[in-house]
Undergrad: 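Here it is, the structure, as structure tokens.
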There are 2 protein chains.
Amino acid sequence: MVTVRDVAKLAGVAPITVSRVVNNAPGVNPLTRTRVSKAIAELHYVPNAMAKSLRSSKTHTIALVLTDVTNPFWTTIARSVEDTAAQKDYHVILCNTDENPEKEANYINILLQRRVDGIIIAPTTDNGSVLLPLKRHNIPCVVIDREVHGFKADVVRSDGEQGARRLTEHLIQLGHRRIAMISGPAHISTAEERLTGYCQALQNHDIPVDKSLIKQGNYKEGSSFQFVRELLSVTPRPTAIFATNNFMGVGVLRALREAGLRVPEDMALVCFDDIPQASAIYPFLTVCAQDASKIGAVAAELLLKRITTQARRRKFREIVLDTELIIRKSCGQELGKCAA
Amino acid sequence: MVTVRDVAKLAGVAPITVSRVVNNAPGVNPLTRTRVSKAIAELHYVPNAMAKSLRSSKTHTIALVLTDVTNPFWTTIARSVEDTAAQKDYHVILCNTDENPEKEANYINILLQRRVDGIIIAPTTDNGSVLLPLKRHNIPCVVIDREVHGFKADVVRSDGEQGARRLTEHLIQLGHRRIAMISGPAHISTAEERLTGYCQALQNHDIPVDKSLIKQGNYKEGSSFQFVRELLSVTPRPTAIFATNNFMGVGVLRALREAGLRVPEDMALVCFDDIPQASAIYPFLTVCAQDASKIGAVAAELLLKRITTQARRRKFREIVLDTELIIRKSCGQELGKCAA
DNA sequence: GCGGTAAATGGTACCGTTATCATGGTAACG
DNA sequence: CGTTACCATGATAACGGTACCATTTACCGC
């Protein structure tokens with residue numbers, strides 16, 4: 001492997017001068033610079049980023065730890081973090097936790113080993129203990145999508161309570177009173193928020209919260225079949241279902257179809273998070289959409305600011321973004337009117 | 001920062017012994033091992049992966065260079081590559097080229113600097129020159145989705161010619177004779193293959209290939225509006241459109257709607273690549289689906305085998321996977337029957 | 001002509017691991 | 001009891017950059 005020393009020898013200079021040329025550092029005579037550049041090209045020298053990082057203790061890498069790149073919500077965030085980071089010459093390591101705290105802890109350990117300059121993370125629990133090693137090693141950290149107790153960091157998230165309230169109120173306005181909810185995993189703040197928003201909306205309209213209509217899901221598509229079966233056997237049967245994320249919404253839709261029920265005629269459906277590509281093909285699901293792209297960009301900017309400026313200990317900020325209620329077809333019209 | 005030396009001092013051993021413990025290497029007395037482990041825990045020692053890589057010249061990292069993680073086709077590949085790599089304790093750096101050869105070249109340079117152990121890449125051109133540095137630095141490389149001339153490597157791809165032929169034949173069987181095509185960028189083998197398959201199908205049924213019905217797209221959603229407008233002004237107007245990837249399919253659908261045309265009543269539409277989430281919500285687009293998950297897994301396995309075994313110079317393999325024709329609603333029924 | 005300053009260049013050591021080889025100790029063996 | 005063999009452990013020197021400081025040269029103003 002070609003090293004600075006080889007280049008230096010060919011160009012007749014000291015290794016450090018080659019280093020200066022490679023990094024466009026000042027203090028090199030233009031003639032020397034071209035001579036070195038020529039040697040670099042001739043030998044096809046490629047600097048070793050590891051050696052550089054080792055010496056300078058900077059990796060120019062940030063990590064993005066999220067649930068699952070397969071979900072368009074996270075994909076959009078990933079893309080926007082990458083674009084923002086790339087502009088400042090930072091690279092991104094992507095990690096999928098699948099909502100599994102063990103995987104999360106494992107990744108955090110790996111990222112510490114890699115000495116990433118910072119981390120953007122959607123934690124799998126609201127308990128900061130998994131994140132403590134980051135504090136200990138003084139790694140700048142931005143938490144996205146969720147809140148964590150007992151862990152100080154910048155937070156970028158959407159206002160899930162408001163979003164859930166609006167979604168529920170939309171159903172109420174259409175005449176629904178028996179609204180079922182598939183909530184998210186316990187100990188994840190977005191799940192709690194959305195549940196709170198749902199309950200608030202019901203209470204605001206003097207509708208009692210019926211626990212038999214609330215099922216705890218896991219933000220994945222899988223478990224929906226069981227839930228839907230259970231919900232359909234409750235009497236009186238719910239007339240609407242609120243799925244607290246997009247994947248569970250899809251699962252519910254599938255399960256309902258399999259049960260021979262039509263949406264919205266037999267059952268209204270809303271969910272949190274949009275699926276943009278799906279909506280482009282057929283605008284069907286009524287959803288509360290988050291601005292994933294903005295979440296990613298803002299988070300990356302915050303993180304890079306902490307990394308590149310001395311202001312590491314500046315006060316932490318919590319940025320809460322608005323959501324958008326997108327009304328499409330999955331709730332149909334007012335309940336009375338569409339009764340078959 | 002805590003180093004092996006600090007741990008060694010505390011445990012009363014030499015640094016190398018700590019290294020042995022950390023790496024679970026043999027030849028350490030169990031008692032010593034626990035003593036060192038205790039010291040590691042006490043000091044919260046985290047080994048420095050860069051120093052390790054520098055010394056051992058292995059990074060345990062592979063790169064995945066693809067078009068755009070926002071597209072479910074690539075997302076699925078990304079996920080499956082990551083899962084496969086993680087099983088063997090390898091990590092993945094993700095790079096989006098946006099079909100831009102400059103970005104691609106830039107990423108390749110960066111990846112060389114990072115000394116990744118191998119690369120899985122979907123090249124932006126069929127010209128291997130951008131990839132030559134990989135050869136020069138002897139980086140194992142697996143090409144996915146596409147073929148490249150003048151660059152020897154393992155290749156994992158789908159049979160696009162067959163897929164395009166079947167898609168086109170499906171349209172022909174429904175009675176379509178004027179079938180327009182939005183093809184992919186020049187110099188990308190998938191684009192050429194799909195075009196070839198399309199032409200073959202037409203020729204097999206004695207339908208002349210009409211160049212005014214073939215537009216060259218870029219695999220992105222954007223340009224479709226212009227194309228659709230152009231196609232609608234051709235006489236006789238085409239009765240079906242074949243979009244050679246999913247995003248362009250969505251674009252065409254949008255453009256047709258905006259032009260006030262219904263699919264499939266006024267225009268049939270097929271495209272290459274599925275959008276699984278969209279189809280789960282509303283099974284609409286008739287597509288030729290690739291097994292993205294398998295492409296990723298096979299590519300990762302091939303690459304890791306080359307990296308971890310001595311067989312670096314074994315003969316290169318080209319693995320061609322079958323595609324699946326999924327008939328949904330975007331072509332309607334036989335042409336005669338659905339004429340308005 | 002001299003001190004002062006800035007630009008260009010280089011020497012040396014070190015970042016944190018581990019490859020390589022060496023060493024001491026102990027058990028096994030004939 | 002000497003020899004072999006193996007186990008546990010360590011000393012040393014790299015891996016490929018660059019931080020830090022020193023040196024040389026040229027030029028400036030007085």
Side-chain angles (χ1 to χ4, degrees), chain A residues 1-37 39-40 43-61 109-117 137-138, chain B residues 1-37 39-40 43-61 89 109-117 137-139:
Chain A
M1 197 87 316
V2 181
T3 75
V4 260
R5 275 167 248 268
D6 302 317
V7 177
K9 200 177 288 175
L10 180 60
V13 295
I16 186 80
T17 303
V18 177
S19 169
R20 290 195 181 103
V21 171
V22 169
N23 296 290
N24 267 316
V28 179
N29 187 302
L31 270 77
T32 313
R33 199 177 284 275
T34 53
R35 194 149 40 91
V36 171
S37 298
I40 288 175
L43 296 176
H44 298 297
Y45 166 69
V46 178
N48 183 320
M50 250 105 49
K52 181 174 180 152
S53 297
L54 180 57
R55 186 67 246 246
S56 61
S57 50
K58 263 165 212 148
T59 53
H60 260 247
T61 303
N109 186 29
I110 286 163
L111 296 172
L112 285 174
Q113 295 187 19
R114 305 228 150 187
R115 303 289 195 265
V116 292
D117 292 338
H137 291 269
N138 200 27
Chain B
M1 195 86 317
V2 180
T3 75
V4 262
R5 271 170 259 267
D6 301 317
V7 178
K9 200 178 288 175
L10 180 61
V13 296
I16 186 82
T17 303
V18 177
S19 168
R20 288 191 183 107
V21 172
V22 169
N23 296 291
N24 266 316
V28 180
N29 187 301
L31 270 76
T32 312
R33 198 177 284 274
T34 54
R35 195 150 38 93
V36 171
S37 298
I40 288 175
L43 297 176
H44 298 296
Y45 167 68
V46 178
N48 184 320
M50 251 106 46
K52 180 175 180 153
S53 297
L54 179 57
R55 185 66 247 244
S56 62
S57 51
K58 264 166 210 148
T59 54
H60 261 249
T61 303
D89 235 15
N109 187 29
I110 286 163
L111 296 172
L112 285 174
Q113 295 187 18
R114 304 226 150 189
R115 302 291 196 263
V116 292
D117 291 339
H137 291 269
N138 200 27
I139 311 273

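Proteins come first, then strands; the chains are lettered A, B, ... in the order of their sequence lines, and each starts at number 1.
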Undergrad: Mind calculating the distance between CG (A:Leu31) and P (D:dT25) to the nearest angstrom?
TA: 18 Å
Undergrad: What is the nucleic acid contact for B:Thr32, judged by heavy atoms within less than 4.0 Å: base, sugar-phosphate only, or nothing?
TA: sugar-phosphate
Undergrad: Just how far, in rounded Å, is C1' of D:dA14 from NZ of B:Lys52?
TA: 17 Å
Undergrad: What I'd like to find out is whether the side chain of A:Met50 reaches to under 4.5 Å of the side chain of B:Gln113, using heavy atoms alone.
TA: no
Undergrad: Of the nucleotides D:dT18, C:dG16, D:dT9, which has the atom closest to the B:Asn29 side chain?
TA: D:dT9
Undergrad: What's the closest nucleotide to the A:Asn23 side chain, out of D:dA8, D:dT18, C:dT17?
TA: D:dT18
Undergrad: What's the CZ-C1' distance between A:Arg114 and C:dG16, to the nearest Å?
TA: 16 Å
Undergrad: Could you tell me the separation between the CZ atom of B:Arg20 and the P atom of D:dG10, rounded to a whole number of Å?
TA: 9 Å
Undergrad: Heavy atoms, side chains only, cut-off 4.5 Å: are B:Arg115 and B:Lys58 in contact?
TA: no
Undergrad: Please lay out, stage by stage, how A:Thr61 and B:Arg114 fare under the test side chain to side chain donor-acceptor pair (under 3.5 Å).
TA: CA-CA 11 Å; A:Thr61 303; B:Arg114 304 226 150 189; 2.7 Å; yes
Undergrad: Taking 4.0 Å as the cut-off, does a side-chain nitrogen or oxygen of A:Ser19 come that near to OP1 or OP2 on D:dT18?
TA: yes
Undergrad: In this structure, how many angstroms lie between the P atom of D:dA14 and the CZ atom of B:Arg55, rounded?
TA: 9 Å
Undergrad: Using a heavy-atom cut-off of 4.0 Å across all strands, would you classify B:Ala51 as base, sugar-phosphate, or nothing?
TA: base
Undergrad: Starting at the 5' end of DNA chain C and moving along, which residue's nearest nucleotide shows up first, B:Ile16 or B:Leu54?
TA: B:Leu54
Undergrad: Taking B:Lys52's backbone N and O only, do any of them form a donor-acceptor pair with B:Ser56's side chain (distance below 3.5 Å, no angle check)?
TA: yes
Undergrad: Output the rounded distance in Å from NZ (B:Lys9) to C1' (C:dG16).
TA: 14 Å
Undergrad: When we call it a touch if two heavy atoms are under 4.0 Å apart, what does A:Val22 touch: a base, just sugar-phosphate, or nothing?
TA: nothing
Undergrad: Does D:dT18 have its OP1 or OP2 closer than 4.0 Å to a side-chain nitrogen or oxygen of A:Ser56?
TA: no
Undergrad: Assign each of B:Arg115 and B:Ala14 to its nearest nucleotide of DNA chain D by heavy atoms, then name whichever residue's nucleotide is nearer the 5' end.
TA: B:Ala14
Undergrad: Taking the side chain as every heavy atom from C-beta outward, state whether B:Arg35 and B:Leu31 have any pair of such atoms under 4.5 Å apart.
TA: no
Undergrad: With a cut-off of less than 4.0 Å, is there a side-chain N or O of A:Thr17 near OP1 or OP2 of C:dT9?
TA: no
Undergrad: Rounded to whole Å, how long is the line connecting atom NZ of A:Lys58 with atom P of D:dG16?
TA: 23 Å
Undergrad: Specify the separation, in whole Å, of atom CG of B:Asn48 and atom C1' of D:dC15.
TA: 13 Å
Undergrad: Please classify the nucleic acid contact of A:Pro47 as base, sugar-phosphate, or nothing, using heavy-atom distances under 4.0 Å.
TA: sugar-phosphate
